[in-house]
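In what follows, a structure is listed as structure tokens, so that the remarks can point back to it.
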Amino acid sequence: MSDTAKALLEGGPDDLPERIVPLPPPGSDVKIEFLGGYEHFKATSRHANTPEGRLPVYEWWERTELPG
């Protein structure tokens, strides 16, 4: 495992390519660009055991579309 802090993403599109991502700064959500929009994930109080260790869980809460 690298020294970069990471988070686990839950929910959202089933075909989202990455579920373990860099941990955002405290108080920030995770925003992933995906298929013409952004998938937004917010922090929960939960943690999950993963192949990369115990990680904080961020849960999907909305999608926004890119202008176009």
Side-chain angles (χ1 to χ4, degrees):
M1 183 169 130
S2 76
D3 291 336
T4 303
K6 297 181 181 181
L8 175 67
L9 304 180
E10 277 189 356
D14 288 337
D15 53 347
L16 194 66
E18 297 293 325
R19 289 291 172 169
I20 295 178
V21 299
L23 186 66
S28 298
D29 293 338
V30 173
K31 182 169 90 171
I32 305 290
E33 188 172 346
F34 185 66
L35 298 178
Y38 289 100
E39 304 301 332
H40 299 265
F41 297 81
K42 58 171 100 174
T44 70
S45 60
R46 297 180 291 121
H47 287 75
N49 294 321
T50 75
E52 298 199 34
R54 188 166 170 81
L55 301 178
V57 174
Y58 279 65
E59 187 172 66
W60 183 88
W61 67 283
E62 77 171 343
R63 174 179 173 79
T64 55
E65 297 293 324
L66 288 171

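If you read the sequence from its start, that first residue is 1, and numbering goes on from there. It should be emphasised that the depicted structure is a prediction, and the values quoted were computed from it without experimental measurement.
- In terms of hydrophobic clustering, with Ile, Leu, Val, Met, Phe, Trp and Tyr side chains grouped at heavy-atom distances under 4.5 Å, Trp60 and Tyr38 are assigned to different clusters.
- Leu35 and Trp61 end up in different hydrophobic clusters when Ile, Leu, Val, Met, Phe, Trp and Tyr side chains are linked at under 4.5 Å.
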Quiz item: Is there a side chain to side chain contact (heavy atoms under 4.5 Å, CB included) between Asp29 and His40 once you walk through the steps?
Solution: CA-CA 7 Å; Asp29 293 338; His40 299 265; 5.6 Å; no
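- Ile20 and Leu9 sit in two unconnected hydrophobic clusters of ILVMFWY residues. Membership requires side-chain heavy atoms under 4.5 Å apart, directly or through other members.
- Minimum interatomic distance between Tyr58 and Ala43 (heavy atoms only, all atoms of both residues): CD2-N, 3.4 Å.
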Quiz item: Run the salt bridge (Lys or Arg N to Asp or Glu O under 4.0 Å) check on Lys6 and Glu52 step by step: do they pass?
Solution: CA-CA 9 Å; Lys6 297 181 181 181; Glu52 298 199 34; 2.6 Å; yes
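- Ion pairing between Arg19 and Glu10 fails under the 4.0 Å rule for side-chain N and carboxylate O.
- Nearest heavy-atom pair across Val21 and Glu18 is CG1-CB, 4.3 Å.
- To the nearest 0.5 Å, atom OG1 of residue Thr64 and atom CD of residue Glu33 are 10.0 Å apart.
- Remark: side-chain polar atoms of Thr44 are not paired, donor with acceptor, to backbone N or O of Glu59 under 3.5 angstrom.
- Under a 3.5 Å cut-off, the side chain of Arg63 and the backbone N or O of Phe34 do form a donor-acceptor pair.
- In the hydrophobic clustering of this structure, Val30 groups with Leu16; members are Ile, Leu, Val, Met, Phe, Trp, Tyr whose side-chain heavy atoms approach within less than 4.5 Å, directly or through other members.
- Under a hydrophobic-cluster definition in which Ile, Leu, Val, Met, Phe, Trp and Tyr are linked whenever side-chain heavy atoms come within less than 4.5 Å, directly or via other members, Leu8 and Leu23 are assigned to different clusters.
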